Every structure is written in structure tokens, then in C-alpha cells.
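Below you'll find the structure, written out as C-alpha cells, and then a few comments.
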Amino acid sequence: MKRVLITGGAGFLGSHLCDRFIKEGYHVIAMDNLITGDLRNIEHLFKLPNFEFYHHDVSKFVHVPGQLDYILHFASPASPIDYLKIPIQTLKVGSLGTHNLLGLARAKGARILVASTSEVYGDPLVHPQKEDYWGNVNPVGPRGVYDEAKRFQEAITMAYHTYHGVETRIIRIFNTYGPRMRLDDGRVLPAFIGQALRGEDLTCFGDGSQTRSFCYVDDLVEGIYRLLMSDYASPVNIGNPSEITIKQFGEEIIKLTGTQQKLIYKPLPQDDPKQRQPDITLAKKILGWEPKVSREEGLKITYEYFKKVVSEEKK
Ligand code: UDP
């Protein structure tokens, strides 16, 4: 049985990856320090003989006994609110954590895939963003701790590939949503849906003309799986190119939830990217991948999930 280590395994993306690799017949070791992760996301896996959980912070030396075939490094705070709250840990998990996991990959002869982000493009001056665009990042702004940690992560991953011959993969993830996002993580989708469910107005930052492109989690997981199994070591964008302004997005959520509330406008946070849309030509070409789930479909499933979470909170 092949063995895979998934860091951030109790988080939003990590937990979906655990499910996928269990389904594919792997022995899955999930690792998480539970700062932003939640054991409820993987509770259903604990009874399985081919699932293990290590409560550990990957910024510290990582030890995993036995063989390892694959490592997926998904440990990191990933929402602006989270990395403003814990900036140093964010820097450490992207830098020291990645270094530890690359060392582990080298020692075990494992292939490693690291989760990078569209944030490496910063507030992009090129649109849509292609992998060969180098970005427009403010290193000392509020997002700098995340963006620069991820840029360092890409650099050290390529260095381990080039100088140590480690098999590495780098995915640049664009905005992704779905069940198991945290209702309080400050991201626009849980914020809007949470507000609608509580009967509050939806807080749109700025005039809402900034754009994002939202990918449903199952599509992302498929892209990750294909990239891991490919032989492509340079960064690959995975995301849904369907671009929308935040104002339009708010209106979609109002329609979906049937809330009587309206959009209210708050100041735009510093360095908030004005536009973001992945160019996925490369993923289509080398992975035969493109997203399948429409926003309408994905939002419906996600809304049902949040309805359940909120009604359980009320109990
Ligand atoms: N946003 C908003 N209201 C909120 C939370 C976020 O209008 O309550 C905006 C935010 O300013 C940004 C966009 O929605 O322009 C996406 O924000 P998110 O934090 O989800 O992700 P990121 O900015 O990292 O893409």
C-alpha cells in the first residue's frame, strides 16, 4: 500500500485530500497543529485502519516512521484574517515547514507537492495570470507574510529539485470554496453566507468592483491529484477562470439564500488585489484538467453545508 503524508490534513483542502487519497486506496497520514484546522473535518476517517493522525507543527523537525511515497504540504493559514492574526507562524510554516518537508522527502525518496497560491502574483499587473508572470507583491504589507512565505516556498522547492534531485510539484491555487471552509475565516464566501444566515447585511469591501474567480473544491482536488501524478516540476495554476466582481458575487449569494438583507460597503483592506483570474492553458495542456462544477452548482452544495453548521451552532 502506498503511503502519503498530508500536512494541514485537518484543514479545508487537506481534509478533502485525505478523503481522495483514502478513496484511491492509500495509507494516509494527516498532520496538523490544529491552529486553523479542525478535527471535525476528518473525524469520519479515524475508524479506518489506513488512516493516521499526527498532532504536530511542521515548522519543527518532522519525523514519520516507515516508507513514504508522497508528501502534500498543505499546512498554512490561508485567509487574510488568519495570517494577520498569526503572521509569524504563517511565515514559519511556509519557509521552515517547507524546508523540513523537503528534507523528509529527500530522506524518504518521496515525491512532494507544495501548495502555493495566486498570492504569489500579488496585486497583478497582468491579466489573466499566467505561470510566467512574476507578480506584484508588497513584501511589507499585511499580505506580505503569506505572499513572501509562499514565494520562498516555491524557491526552496525548485532548489531541492535542481540541486538535490527531489521530485517536486508546485501548484498555484486560486480562490477555492466548498464544504469545510471555516465560517469565521473572514473569506468572502463564508462571510457573505454567514451574514445571510444570521440575517445581517453583507459586508462588501471597497466598491465591490474587484474581481475573483472561484473554484469548487472537488475540481481543485482533481487538479492536485493529476499534477502529483504528472512529471511536471514547474508551477501550475489550478483554478476556475470564471471571473466575477465581489459585488456581483454578493448579489448571487443574496439570491441563493433568499435573504432580505442588502450589501453594505466597508473600506477596502490595504493591498487587496483588484483583479484575479487564472490562465489555465498549461493545466489543460499537461494535465488534461479543467473545472467541471459551475458556481451555481458549487454554491448550492456549500450553502447546504453552512446551513447545517449554523443550525448545529445554535443547538
Ligand atoms: N471581501 C468582502 N467582504 C468580506 C470579506 C472579503 O468584500 O466580508 C472581499 C475582499 O476584500 C476581497 C475579496 O472579497 O476583495 C476576496 O476576499 P477573500 O478574503 O475571500 O480572499 P482573497 O482576497 O485572498 O482573494
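Both ligands and their constituent atoms are indexed starting at 1 by order of listing. The residues of the chain are indexed from 1 along the displayed sequence. This is a predicted model, so every value here is computed, not measured.
- Under 4.0 angstrom from ligand 1, the non-hydrogen atoms of R143 all belong to its side chain.
- For the salt bridge (Lys or Arg N to Asp or Glu O under 4.0 Å) criterion with R180, the lone passing option out of D185, D218, D19 is D19.
- Residue contacts with ligand 1: S79 is excluded, as none of its non-hydrogen atoms falls under 4.0 Å.
- Near A191, with a cut-off below 4.0 Å to any heavy atom, the atoms of ligand 1 are 8 (O).
- Of all the atoms in ligand 1, the ones that sit under 4.0 Å from a non-hydrogen atom of N175 are 21 (O), 22 (P), 25 (O).
- For the pair V4 and L72, the tightest heavy-atom approach, listed with the atom from each and the gap, is CG2-CD1, 3.2 Å.
- Inspection of the T168 and R111 side chains reveals no N or O donor paired with an N or O acceptor under 3.5 Å.
- Those atoms of ligand 1 that come under 4.0 Å of a heavy atom in C204, given as number and element, are 7 (O).
- For ligand 1, the atoms lying closer than 4.0 Å to a non-hydrogen atom of D272 are 10 (C), 11 (O), 12 (C), 15 (O).
- Residue contacts with ligand 1 do not include Q195, since none of its heavy atoms lies under 4.0 Å from the ligand.
- Heavy-atom contacts of E119 reach the following atoms of ligand 1: 24 (O) (cutoff under 4.0 Å).
- Taking a cut-off of under 4.0 Å to the non-hydrogen atoms of P80, the atoms of ligand 1 that pass are 19 (O), 24 (O).
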